[in-house]
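One structure below.
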Amino acid sequence: MNWSGAPLRVALRMYPRSWRAQREPELLGHLADSAEDGERGIHALDVLDLAGHGIEARIERTLRVPSRPVRAKAALLAATTGATMAGLLLAGTETNLVATMLGNDPSGDESLLLVRRFGPFLSLGGPLDLLLVAVPLVWLVAGPGLARTLAAGTALGAAALPLLATATGAPRPPLTILAVQSALAALVAVGPLPRRRTAAGVVCLTALAATASALVLADRGVVGAIAGYYGLGGLSTLDELLGPTVLVGVPLAAALAVRRRGWLAAALLAAAPVLLLHEYVRWLSDPQGTLAWATGLPVIALPVAVTVMVARHLGFRLRLERLDRTRS
Amino acid sequence: MPPEMREPTFLVLTALTEGPLHGYALVRSVEKLSGGRVRLRPGTLYGALDRLGDEGLVRAHSEEIVDGRLRRYYELTPEGIDALSAATDRMAANVTHARVRLQALGVLGA
């Protein structure tokens, strides 16, 4: 494939206009020098690198924060997810659906209670998503300190939600959304370097706490939710325990251990609208059905993005070891 | 204590000690300094130059048009030289500590 054509142009479009006005002629000169070099040329990874940094540059200029703090990306992801979903639902004409999502079903139709099984807008899940959307707004208005406190509270709330739901008798969101959104909030709260191990530990503990509480309450878990969504049948308890831990906790911990967090943000930000659009189109064809967007975004996009990042990191380490062996 | 300097940043600043360099020359210089280990992709390079410029460690020196291509040359600022010097001292101290301990273990010769 010719990576110096349309893919390169799309990647360059990821940068904000002001950045392109300043830098694009220079960058194009650089790429032309690179393309002429017989050993290199422009590869797919160069194009992806440009796209990822382009999105980072947009985030910096939009939020006016430096690119290093991963909390900017995590907060933006949470805000994008929550705000987009809220916008789609509120813009819909099915007011019964909105009311049901908020826990008040005016029609009294029992079949609509099925809608409460998935999605973030359940009676207790709604405040959680509002908090996640509020975190970046608070950050812009009041600074990172208060935003991090709010994010930490959101993480604790998400981890405690299954217990709260059982205690109050209210419907609860599925484990997928709890584990991943709470991990994202924890990521925002603890921040990036140099406390990488602490952050990874917090993420894992949060995901495990949500998993354990859901298991105790006989929830279906991430793997069970996927199986149910795609009609694959029931799964054993072991799967329901290991599934959330492996699919959510470990990749997130790995994401914190790997340096190229910009890739994770870029992959998730690119995947989120596509997955949300998929779910919205599916919902349009069946408005009385369930909205399973929560299983789409974190379960598909997150492990894929992290797998790519970890594979690149391991590949780099293997090349270093090979080089060391060659030298010795 | 200033945050630890990452290797690509360290190598970019080290490459600029040779004198002003444009983007692609910087990539080649970093690759040479690292023995081929570190290859800066364009997005990473210009993101790093933006950041180093914001931190006052690097600045634009001059521009020229060569074969219709804009080349912007970058140079180290005095603050950049100080930062590179401090990072070098820090790493040298770590290497010394590691060497002493490895010698005590008998892994390295005296």
Side-chain angles (χ1 to χ4, degrees), chain A residues 4 8 11-12 14-16 19-20 22-37 39-40 42-57 59-61 66-69 192-194 196 259-260 262-263 266 312 316-317 319-324 326-327, chain B residues 1-12 20-74 90 107-108:
Chain A
S4 61
L8 179 61
L12 288 174
M14 296 295 117
Y15 284 93
W19 192 97
R20 294 205 313 271
Q22 200 181 351
R23 288 275 198 194
E24 196 168 69
E26 178 188 357
L27 180 58
L28 290 174
H30 176 119
L31 293 172
D33 287 338
S34 177
E36 273 188 0
D37 192 327
E39 296 175 5
R40 292 179 187 84
I42 296 171
H43 300 292
L45 292 177
D46 293 326
V47 172
L48 288 174
D49 179 69
L50 279 169
H53 282 90
I55 293 174
E56 279 192 44
I59 290 171
E60 283 177 59
R61 296 200 180 199
S67 66
R68 274 186 185 173
L193 303 167
R196 231 182 265 160
R259 282 189 168 188
R260 300 298 297 274
W263 286 72
R312 277 180 50 83
F316 180 67
R317 291 280 298 272
R319 281 202 303 273
L320 268 182
E321 285 165 14
R322 213 176 300 139
L323 191 64
D324 288 339
T326 308
R327 282 179 175 167
Chain B
M1 185 176 172
E4 193 178 321
M5 190 180 283
R6 292 170 57 188
E7 189 185 17
T9 304
F10 180 83
L11 289 169
V12 165
L21 291 173
H22 60 81
Y24 190 63
L26 205 46
V27 167
R28 296 296 300 267
S29 184
V30 164
E31 204 169 325
K32 191 177 167 189
L33 282 171
S34 63
R37 271 189 309 109
V38 177
R39 195 207 152 199
L40 293 175
R41 298 193 189 276
T44 305
L45 171 69
Y46 287 98
L49 288 173
D50 283 342
R51 196 175 59 251
L52 292 171
D54 291 341
E55 291 171 2
L57 304 183
V58 158
R59 64 182 167 217
H61 173 265
S62 58
E63 292 180 8
E64 64 175 1
I65 305 286
V66 176
D67 295 334
R69 297 169 196 172
L70 174 66
R71 283 184 179 171
R72 186 172 286 140
Y73 290 79
Y74 296 89
R90 221 171 17 246
V107 175
L108 284 181

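Order of the sequence lines sets the chain letters (A, B, ...), proteins ahead of strands, with each chain counted from 1. This one's a predicted model, so the numbers in the text were calculated from it and none came from an experiment.
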For the side chain to side chain contact (heavy atoms under 4.5 Å, CB included) test, which of A:Leu50, A:Val47, A:Leu8 pairs with B:Pro42? A:Leu50
Closest approach of B:Leu70 to A:Pro25 (non-hydrogen atoms, all atoms of both residues): CD2-CB, 3.8 Å
Heavy-atom contact with chain A under 4.5 Å, split by part of B:Arg72: both
Report which part of B:Leu45 has an atom under 4.5 Å of a heavy atom belonging to chain A: side chain, backbone, both, or neither. side chain
Which one wins on heavy-atom pair count under 4.5 Å against chain A: B:Ala25, B:Gly68, B:Gly23? B:Gly23
Flag side-chain contact, heavy atom, 4.5 Å: A:His53 against B:Tyr46: no
Report the distance from atom CD of B:Glu63 to atom CD of A:Glu26, rounding to the nearest 0.5 Å. 7.5 Å
Could you go through the side chain to side chain contact (heavy atoms under 4.5 Å, CB included) check for A:His30 and B:Leu26 one step at a time? CA-CA 10 Å; A:His30 176 119; B:Leu26 205 46; over 6 Å; no
Could you check if a side-chain atom of A:Leu48 sits within less than 4.5 angstrom of a side-chain atom of B:Arg41, using non-hydrogen atoms only? no
What distance do B:Asp50 atom CG and A:Arg23 atom CZ have between them, rounded to the nearest 0.5 Å? 4.5 Å
Rounded at 0.5 Å granularity, tell me how far CZ in B:Arg69 sits from CG in A:Leu27. 13.0 Å
Any donor-acceptor pair under 3.5 Å linking the side chain of A:Asp33 with the backbone of B:Tyr24? no
